[in-house]
Amino acid sequence: MRQDSGIGVLDKAVDVLYTVAEAPCGLAELCERTGLPRATAHRLAAGLEKHRLLSRDGQGRWRLGPALSELAGHVHDPLLAAGAAVLPRLREITGESVQLYRREGTWRVCVAAMEPPAGLRDTVPVGTRLPMTAGSGAKVLLAFSDAATQQAVLPTAKFTERTLAEVKRRGWAQSAAEREPGVASVSAPVRDGRGNVIAAVSVSGPIDRMGRRPGARWAADLVAASEALTRRL
């Protein structure tokens, strides 16, 4: 859940940004997903578009704009710097989409992503917020999170507390058609210098290529990538 700053228009504008980050949308869908009145949603989205924080795709839907990447370029983030060095090799090895996720409350946020140059792929744009109830990245982040977060998520999750214990034991997680039909993934934890899990590195792609037990094929490479990221941190 996002924090309320007490500044109404700012909180609403941020809500619009996060909503669009989850999936591009037009005005009607934006109103439905945010609960904002039509005039308010349009005014905020148009203002954000003016500042290039939102832009329009070919179907006229709002999506995240280029100014966000430009602003992010001024932030020194050791995790992103490590990802820039490690993710290209992981993508080369697997030939699939690769991502880095951070936990934000009961959500996970894609902070870095790379796609294969060709073929069917699982595209997760940077900034996408996904619930922690499904997918290998969610399992990794939740397995190493605090008890309160686990208790908040597990009642609606597609996996169990026993699954999380197994993820902690073996050091990686896998999923097949959990987050999205036809998509499989493998993830491993990324730790900081104190040993705390701060992110999950993932590889995802079509089940037809990854298989229903993708860990058998890619777990070792994911763990190697997570260890490389941890060393750089």
Side-chain angles (χ1 to χ4, degrees), residues 1-84 99-113 123-135 137-138 141-142 144-153 155-157 179-180 190 192 196-200 202 233:
M1 182 178 296
R2 292 187 284 277
Q3 296 293 318
D4 187 342
S5 70
I7 305 173
V9 66
L10 176 60
D11 291 336
K12 291 174 183 175
V14 170
D15 194 28
V16 168
L17 283 172
Y18 274 107
T19 299
V20 172
E22 291 168 15
C25 58
L27 181 57
E29 187 177 358
L30 181 62
C31 294
E32 179 182 350
R33 289 163 58 189
T34 61
L36 293 171
R38 185 179 182 88
T40 301
H42 183 269
R43 183 173 69 253
L44 290 171
L48 292 167
E49 185 179 359
K50 184 72 174 178
H51 287 286
R52 300 172 60 247
L53 295 168
L54 294 182
S55 62
R56 301 267 192 156
D57 64 15
Q59 298 176 323
R61 301 174 302 180
W62 280 295
R63 60 185 309 129
L64 295 181
L68 290 171
S69 297
E70 293 164 9
L71 289 170
H74 295 284
V75 178
H76 174 64
D77 188 326
L79 177 62
L80 297 185
Q99 305 92 24
L100 272 176
Y101 292 100
R102 274 191 173 121
R103 183 171 73 86
E104 182 183 290
T106 56
W107 296 80
R108 56 178 167 132
V109 181
C110 180
V111 297
T123 301
V124 183
V126 172
T128 299
R129 297 172 74 248
L130 298 170
M132 296 270 284
T133 52
L141 293 174
L142 196 60
F144 294 94
S145 66
D146 58 276
T149 301
Q150 291 184 8
Q151 291 168 7
V153 173
T156 56
R179 175 176 65 82
E180 187 175 336
V190 179
D192 63 14
N196 299 316
V197 173
I198 60 167
S202 303
L233 293 169

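Rounding to the nearest 0.5 Å gives a distance of 11.0 Å between CE of M132 and OG1 of T156. Atom-to-atom distance recorded for S69:OG and L53:CG is 10.5 Å, nearest 0.5 angstrom. Between T34 atom OG1 and E29 atom CD the span is 10.5 Å, to the nearest 0.5 Å. We find the CG-OG1 distance between L141 and T149 to be 10.5 Å, quoted to the nearest 0.5 Å. Note that the CZ atom of R129 and the OH atom of Y101 stand 13.5 Å from one another [nearest 0.5 Å]. Rounded to the nearest 0.5 Å, atoms SG (C25) and CD (Q59) are 12.0 Å apart.
The two residues G127 and A21 come nearest to each other via the heavy atoms O-CB, 3.2 Å. Here the closest non-hydrogen pair linking A13 and L48 is O-CD1, 3.8 Å. Between R108 and G137 the shortest heavy-atom distance is NH1-CA, 3.7 Å. Closest approach of A112 and L80 over heavy atoms only: CB-CD2, 4.2 Å. Closest of all the heavy-atom pairs between A41 and C31 is CB-SG, 3.8 Å.
Side chains of V126 and L68 form no contact here, defined as non-hydrogen atoms less than 4.5 Å apart. Side chains of Q99 and L130 form no contact here, defined as non-hydrogen atoms less than 4.5 Å apart. At least one side-chain heavy atom of R179 sits less than 4.5 Å from a side-chain heavy atom of V124. Counting heavy atoms from C-beta on, the side chains of W107 and P131 come closer than 4.5 Å. In this structure the side chain of V16 reaches within 4.5 angstrom of the side chain of L54, judged on heavy atoms. Residues T40 and R43 form a side-chain contact, since some pair of their non-hydrogen atoms from C-beta on lies under 4.5 Å apart.
Here E70 pairs with R52 under the side chain to side chain donor-acceptor pair (under 3.5 Å) rule; sequence neighbours left out. E32 meets the side chain to side chain donor-acceptor pair (under 3.5 Å) test with no other residue; sequence neighbours excluded.
Among the candidates D15, L36, V20, L44, the single residue satisfying the side-chain contact (heavy atoms from CB on, under 4.5 Å) test with L30 is V20.
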